[in-house]
Structure formats: structure tokens, C-alpha cells
There are 2 protein chains.
Amino acid sequence: MGDIAEACGVSKMTVSRVLRNAEYGVSESARERVLACAKRFNYRPNALAKSFAKNRSGYLGIALPFEGLLGSAYFSRLVAGLQEGMAGSDWQFALFDTLSDSFNKGDKLAGLYHEQRVDGLIAIAPHSNEEYIEKLTAEDIPVIIAGEPTQHQNAISVSTDDEDSIRFLSDYLIARGHREIGFVEGPENLLSARLRSDAFHQQMAKHGLPVNPNFIFRGDYNRSKTRDNALQFLKMKALPSAVIAANDLMALGFLDAANICGISVPATCSVVGVDDLDAAKSSYPPLTTMHQPVRKTGEIAMRCLIEWTETGKKPEPLKKLSSTIVERASVQAYPTHAS
Amino acid sequence: MGDIAEACGVSKMTVSRVLRNAEYGVSESARERVLACAKRFNYRPNALAKSFAKNRSGYLGIALPFEGLLGSAYFSRLVAGLQEGMAGSDWQFALFDTLSDSFNKGDKLAGLYHEQRVDGLIAIAPHSNEEYIEKLTAEDIPVIIAGEPTQHQNAISVSTDDEDSIRFLSDYLIARGHREIGFVEGPENLLSARLRSDAFHQQMAKHGLPVNPNFIFRGDYNRSKTRDNALQFLKMKALPSAVIAANDLMALGFLDAANICGISVPATCSVVGVDDLDAAKSSYPPLTTMHQPVRKTGEIAMRCLIEWTETGKKPEPLKKLSSTIVERASVQAYPTHAS
DNA sequence: TTGAAAGCGCTACCAG
DNA sequence: CTGGTAGCGCTTTCAA
């Protein structure tokens, strides 16, 4: 930078101003000269020096459990949103695994911030409210939880509204004449799965409809496991006219089983899921499901985070985005064999 | 750091030495005092300052097309390897999308390096030999291509050996009495897909076996597309006794179709794939496939990159890792109806 | 074994 | 509108 100042016969300051795109405080002629010179010298601003001087790393961290999440459609959608939310800005992504260094996750992540490796964090932990959130929040580190509502006091989160999806789906099927409705459960130890299950039972109760325990089975958010369980389930003499799966993966597993058994969906039994995975578009038959605005979640989370790190002002604590139904071909309205 | 030097009655230098874990050049007593003091002060080294002084960002970039790859099992496996390769080191991951900023990918990535935002790059571009590789290589930027062999001169890559997998699979089926073998093709525009296809034809020719064009169809590395095409395919009166899918996703799609049609795998038709996705373990029936050492690929790539950035010595140009078969339940040996 | 000094490349702050 | 000066927190170099 000194070189180019010298070559142009101006001070480093002027050069700095021009290069920083400061719109004021520099004459046009000087600006042009400097710009030309910079190009000639093939000048590259040094991000390290800049970071150091401004006391900002320029990196925003994404913290998530690599195993399981990194390869999921959910992650890629969320990141697409994060990207969108940071479009046009000069921030960069850093990536951290909350599983490694598990012995001291809180310290690790907090350290990242204190050591100025990142200026803020997005925590993706849809599967549990990890304890590290508490520590980060307590230390006033800019961190936003994406994808899961959290019970932590003062923590900021942006998520989709799981319970609402299930309620909607229950109403949807009931409105279409279904009375006997089955449910495929997610893993017991996951908050979101419990929330979904509760919402189903509540909504059935609200409509005065009984829940037949035979029509409930576990799939653990897993396609092949659900398939295997459904293979048993479908042997029952009396089937429900519809089944709600707590997520798409399980709905897909149910379809796999139905195809193997030669049971027709939706003629014999309707199926709905939650998530709207890419695969739900092209399943056999295409799956009616709740589209979760995961991408939007990421976008909002990122905007909040940037706002927070740039202004220092902590945003509102919680946002829940609601889902919308995508009607495809796995639901039969007014089934003739409905009880 | 000054504070703690003062408090201990030593110089900043001594403190620096202690904190850097320099094994020599400092007395035990001084070391202990400094360490204690640092703990008391809750001292945090500032990574920014360190980076600046050492002229290293501490970040290694992973460049990939977010869309399509970010949510894939392939990506997560590769990253697991990268992580392994960087275990114990002080490097961090940065993440860049080769699709955004597509207008000037080369410049963008090169810029990242020149601006010192990253000290090296892993390029994951299994689907094409992007032009930006050329630019990076020409500028002697430490970049390693993971997952795909490359034709670029001087570029360094670590990849799995696709052709070898297909050759092995062909031999494997032939050795088990199969004579009429079908093939599910990947997308035409992908190098790896063409390579796999060529390998199949070559190997059949080598054994003096004809390839029936009716037994070849396209799946484009896509599960549901393959399912739909296979649904047609399986209507043929004469089927091959085995089918090789150029990847697991397509093998899975083929299984979907077989299940829907009620065609028994492997009794009627055997199926094999390439990749060994998680889903291949639990498909119906479980899939016999080639396990690609994707994780290993990542690990080696990362080790090479670190070596390169730390020593400045460019590693050997190309490594190909070979695959091993995982025998499950989708192949029938010595089918009775083989021609 | 220790310490003093210089400097990494940039920005902030205050003068002119 | 412009330029000087003073750091940012660490490492490197050299001298004691």
C-alpha cells in the first residue's frame, strides 16, 4: 500500500480511503490515479492486516455435528439460506464440528470467539439443545440457533414450527374424511419428535377422535427402519385410512414397505410427511407433505447474526416460521372404506 | 500479554515463549509463573494478531458447488476424512461455494488466497474439471482436488479409481456365471460417468461377452429417474441376469422399481452399485456394492495440503485409491436361468 | 535464559 | 479534502 501511495504521490491514507471505497473525503482525480495504480501493481488488500486493525476476523462460524448432519438435505437447504442472508456482505463461512472436541464443546466454541477466529456463530443443533449454547449465551457471544426452538433462557433461535405442521396435517386429513389415523414416531430422545407426537395426540383429542395404539409405531426418523417396521404394520387386518409420519424420511420408508407389500397408496392407505425433502417430489407415489421453510430459516438466522455482530445489539429471542402444505399424490380424500 | 508480563515481572518475550509452548529458552520457574498468571487473567491468545504476525490466516478452504454436493453423503464422508487429516493441527475450515461468484470463480478463489483469507484450498468438484483449477494451479496456489482425477497439467488430485471399480464388478459378476449383464449409465456430461461406462464395455469385450444395447439404460445418477426408467426396463420379456449401476443411487432406484414390479432381486436379476452409501446397507435387499474409500481420500488430500502449505513443497501430482467390494444380498451367484 | 526493539499492513484519530 | 502519527498483539531478530 505504501508503494502505490508513493507511486501516486499521495499518502497511504488517501490510498486506504480509496481502496476502502470511502465515498467521501477524497478527490476524484486522486481516486482515479490510485485506482489505476493499484491495478497496475496488481495490488491485493491483505485481509489479515485489515482484520487485525479492525479487530474482526471476517469469519462467521457454522457449528454443527458433522456426522449425520453434514450429508443431510436439511443442512444443504439451511446453508443455502445462510448464504442468501450473507449475500453481498464480506463475511466468510467457517465450519466447526460440535462432535469433535466434545469434551469441552462450550469452551471450544467460546474460545473460537474469544480468540477472534470468528465474530459470531450459527449453531445448527436440530437434534438436541446442546449444553454449549448455555455457555455461549451466558458469555454474550453472538450465537444464533438455527433449526430448533430452544428452552435456554436468553438464547436466540430461528426455527420452523414443528407442532404446527402436525396439527395442520391432522386437521387436513380429518377434513378429508379420515377418522382412523396412524402415526409414525421419531426417536424418543429428540425434543422435536416428542413435540410432533404430542401435537398429533392433542389434535386428535380436540376433534374427539380416538387414537388406536395399534396404529402407532416407531420409525426413529430413519427410512429403512420405518420400512421394516411398516412391513409388519401392514400385515394387520385392519389398517388406518391414513398415516402421518413425523418426517418425510419415515413417510418414504412407509412407501417403500407399501410398494414391497403391494399395498396401494393412497387407495388403501394415505400417507403424509413433514419436511418436503427433494426425494418427496419423486417418491412413488409423490408424497404430500409439509414444506418447512428451512432455507428461509437460514436466511433469517444469518441476517440476525450479521446485524448482531455488526451493531452489537442482541436481536429478539425467538422466531418460529410456519410451514405450508404441498399436495401431491399420497392422500386419498374421502376414502370409501373410512370408518 | 503485556499485562501478564508485567504481573509476573518478566518480559513479553518470555510470556510469548511460554504461551507458544517453546520447549526451550525459558526457565521452569518463569514458565510456571507465567502459566499461573495466564490462567488467573483468563488470558486468550489473539488469533488475529498471531495470524498477522506470522502471515498465515490459519484457515484452509473447502471449495465446492454447494447445491447438489453440500447435502450429499459423499460430501460428509469426504469432510470426515479431511477432518481426520487435520486432527491435532491448528487449522480451521473455511467454506466456499464455487457456484456463487460463478462469473469469476478463478479470480475469486485465487483472491481468497492472495488476500490471505486462506492458506490453501481443497477443491471438491467431482462433477467436472472446473476451469478455475487451471488458474489456481498456474499461480502456484496450494490447491488439491479431492474426489476426481483431473486432466489439468500440474494439478494435484486425490481420488478414487472409478474405472477400476467397474472393471472389478464386471469380473465379479462374470466369475459368478453371469453372461448377460446390463448397465445403468450416469449423466453423459460427467467425466466420471463416461469413464465408468467405458470401463464396463471394455471389460465385457475383454471377456468376449457381447453387450446387449437393450440392457443399457440411463439413470443420470438419480434415484427416482432410474426407478422410472427401470419400471419400463423391467417390462421386457428378456432381462439380463445382472445389472451394474454406475452408482448406488441408481442401484437403489433399480431396487425401488423391482420392488414395485414384484420382481425378485437377486433371484430374477442381480444388482450391484458403486459407492457404498449408508442407504446401501439397509436397502431391500441390502446392496452389494463397491466401497469407495472416500473418507481416506479426504484424509490424504488434507495431509497433502497441510504439508504443502507448511513446507511450500508441492506434492506428487496424482493419487488414485482403489475400492473394495462389499458383498451383501443383491447378487445371485450362478443363476440357473443364465444363458 | 532473557529482553529490547522493530515491524507485519492496515485503520482510527486528529491535525492541517 | 488530505496527511501524519499511533497503534492493533503478536513474532522475529539480535544483543545481552
Side-chain angles (χ1 to χ4, degrees), chain A residues 1-35 37-38 41-59 90 92 111-119 309-310 312, chain B residues 1-35 37-38 41-59 90 92 111-119 309-310 312:
Chain A
M1 203 164 91
D3 297 353
I4 136 171
E6 209 172 325
C8 292
V10 294
S11 77
K12 273 168 44 173
M13 265 322 298
T14 307
V15 176
S16 170
R17 275 192 272 257
V18 171
L19 265 19
R20 244 180 300 159
N21 270 318
E23 289 308 335
Y24 50 90
V26 71
S27 69
E28 263 318 305
S29 76
R31 169 176 310 250
E32 275 167 31
R33 260 183 305 148
V34 169
L35 251 22
C37 209
F41 277 46
N42 207 276
Y43 167 82
R44 292 295 191 160
N46 183 320
L48 250 34
K50 181 184 264 188
S51 289
F52 182 48
K54 309 217 313 187
N55 219 21
R56 313 219 122 189
S57 72
Y59 275 103
D90 209 23
Q92 312 287 344
L112 252 16
Y113 177 78
H114 288 126
E115 293 171 9
Q116 312 235 49
R117 276 206 204 278
V118 297
D119 302 318
T309 59
E310 288 184 351
Chain B
M1 202 164 91
D3 297 352
I4 134 171
E6 210 171 324
C8 293
V10 295
S11 77
K12 277 167 40 172
M13 262 324 299
T14 308
V15 177
S16 170
R17 275 191 273 254
V18 172
L19 265 17
R20 246 180 301 157
N21 269 318
E23 290 308 334
Y24 50 90
V26 71
S27 69
E28 261 321 303
S29 76
R31 166 175 315 246
E32 275 167 31
R33 257 182 307 146
V34 169
L35 251 22
C37 208
F41 278 46
N42 206 276
Y43 168 81
R44 294 295 192 159
N46 183 320
L48 249 35
K50 182 184 265 189
S51 288
F52 181 50
K54 311 219 312 187
N55 219 21
R56 309 219 125 187
S57 72
Y59 275 103
D90 208 24
Q92 311 288 343
L112 251 17
Y113 177 77
H114 287 125
E115 294 170 9
Q116 312 235 50
R117 278 209 202 275
V118 297
D119 301 318
T309 60
E310 288 183 351

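The basis for the numbers below is simple: all heavy atoms, side chains too, and nothing from hydrogens, waters or symmetry mates. A note on names: the letters A, B, ... follow the listed sequences, proteins ahead of strands, and every chain is numbered from 1.
- Remark: Thr14(A) is not in phosphate contact with dC1(D), judged by side-chain N or O atoms under 4.0 Å from OP1 or OP2.
- Here the side chain of Tyr43(A) pairs no donor or acceptor atom with the backbone of Cys37(A) at under 3.5 angstrom.
- Atom CG in Leu48(B) sits about 10 Å away from atom P in dG9(D), given to the nearest Å.
- Between atom CZ of residue Arg17(A) and atom CZ of residue Arg31(A) there is a gap of 10.5 Å, rounded to the nearest 0.5 Å.
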- Item | B/S/- contact track for nucleotides 10-16 of chain D, protein heavy atom under 4.0 Å | BBB----

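- Leu35(A) has its side chain within reach of Leu19(A): a pair of non-hydrogen atoms, C-beta onward, lies under 4.5 Å apart.
- Of all nucleotides in DNA chain C, those with any atom nearer than 4.0 Å to a heavy atom of chain B start and finish, going 5' to 3', at dT1(C) to dG9(C).
- To the nearest 0.5 Å, atom CD of residue Glu32(A) and atom SG of residue Cys8(A) are 11.5 Å apart.
- Counting heavy atoms from C-beta outward, Val118(B) and Gln92(A) have side chains that stay 4.5 Å or more apart.
- Of the possible polar contacts, one joining the Ser51(A) side chain to the Ala47(A) backbone as a donor-acceptor pair under 3.5 Å is found.
- For dT2(D), the OP1/OP2 oxygens have no side-chain nitrogen or oxygen of Ser11(A) closer than 4.0 Å.
- With hydrogens and angles disregarded, a donor-acceptor distance shorter than 3.5 Å links the side chain of Arg56(B) to the backbone of Thr309(B).
- In this structure, Glu310(B) places its CD atom where more than 12 heavy-atom neighbours from other residues, nucleotides or ligands lie under 6.0 Å away.
- Along DNA chain C, the nucleotide nearest to Asn55(B) and the one nearest to Arg33(B) differ in position, and the one closer to the 5' end is contacted by Arg33(B).
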